[in-house]
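Input: a single structure, listed below in structure tokens.
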Number of protein chains: 2
Amino acid sequence: MAKRPPILNRVKALREAHDGMSQAALAKEIGVTRQTVIAIEQGRYSPSLESAFRIARVFGVSLDDVFQWDETAES
Amino acid sequence: MAKRPPILNRVKALREAHDGMSQAALAKEIGVTRQTVIAIEQGRYSPSLESAFRIARVFGVSLDDVFQWDETAES
DNA sequence: TCTCCATGTCAAAAATTTCTTACATGACCC
DNA sequence: GGGTCATGTAAGAAATTTTTGACATGGAGA
């Protein structure tokens, strides 16, 4: 399997701040499945750049507001 | 194969602005192959979020400075 | 000319992300 | 209790990204 990517994200926090939007609702808006949203929030793998863009657009923020390089990981 | 992603990038321009860095040198710095850099620059597919981050870091810019959503593509 | 370097192409395999389907749990409300 | 919703897990298939290896071309320079 994939090892954990060195990327952190605030998807869950943004979702909750967005009027408690559910994982299912977010998944539908960005055009992926609920399982994909779960995996991304859990950091099991990082999304494609395209999914990342769609997530940022749903919340009206920039890519860097959603995803951050994990400085504690090896570069 | 994959259809063209709705994402544009300035990798080639950044590379040239970065003292004419070669595709091979960039590939080595971000830990992918030269073919991957070629494919990204040509827009054949968009990179993983992890590769995207590594590219931005090499050039010392933000993700959004390297990759832009193509507004002319269907969302 | 010959060599080196940068870019490009191609095809198949490998690795990673995403989908599909199914089932489980806890919270909440009737 | 029974129903719905949100979240979570799991396994295999499908799709996409990346690698590997090989070969081609054009430019620059010795």
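Because only heavy atoms are used, hydrogens play no part in the values below, and waters and symmetry mates are left out as well, while side chains stay in. Chain identifiers are assigned alphabetically (A, B, ...) following the order of the sequence lines, protein sequences preceding nucleic acid strands; residue numbering begins at 1 within each chain. Bear in mind that the values here come from a model prediction, so they are computed numbers and not experimental data.
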Give a yes/no answer on whether the side chain of [X] brings an N or O atom under 4.0 Å of OP1 or OP2 in [N].
X        : N       : answer
Gln23(A) : dG8(D)  : yes
Ser51(B) : dT18(D) : yes
Thr36(A) : dT18(C) : no

(message) Please compare Thr33(B) and Gln35(A) by the position of their nearest nucleotide in DNA chain D and report the one closer to 5'.
(response) Gln35(A)
(request) Please tell me which of Arg34(B) and Ser46(B) maps to the more 5' nucleotide of DNA chain D, matching each residue to the nucleotide holding its nearest heavy atom. (result)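 On the 5' side of the pair lies Ser46(B).
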(message) Looking at every heavy atom in both His18(B) and Val58(B), which two are closest together, and how far apart are they?
(response)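 So the two residues come closest at NE2-O, 3.8 Å.
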(request) Please report the shortest heavy-atom distance between Pro5(A) and Gly43(A), naming the atom on each side. (result) CD-O, 3.5 Å
(message) Judged by each residue's nearest nucleotide on DNA chain C, which is more toward the 5′ side, Glu50(B) or Arg15(B)?
(response)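 The answer here is Arg15(B).
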(message) Here's a test of your reading of the structure: between Ser48(B) and Gly20(B), which maps to the more 5' nucleotide of DNA chain C?
(response)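 The residue closer to the strand's 5' end, by nearest nucleotide, is Gly20(B).
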Are [X] and [Y] close enough that some pair of their side-chain heavy atoms sits under 4.5 Å apart?
X        : Y        : answer
Leu49(B) : Phe53(A) : no
Gln68(A) : Asp64(A) : no
Met21(B) : Glu29(B) : yes

Distance, rounded to the nearest Å, where [X] contributes [atom1] and [N] contributes [atom2]:
X        : N       : atom1 : atom2 : answer
Asp19(A) : dA6(D)  : CG    : P     : 12 Å
Phe67(A) : dT17(C) : CZ    : P     : 12 Å
Arg4(A)  : dT16(C) : CZ    : P     : 14 Å
Tyr45(A) : dA15(D) : OH    : P     : 16 Å
Leu26(B) : dT7(C)  : CG    : P     : 10 Å
Arg54(A) : dT18(C) : CZ    : P     : 11 Å
Ile40(A) : dC19(C) : CD1   : C1'   : 13 Å
Ile38(B) : dA6(C)  : CD1   : P     : 12 Å

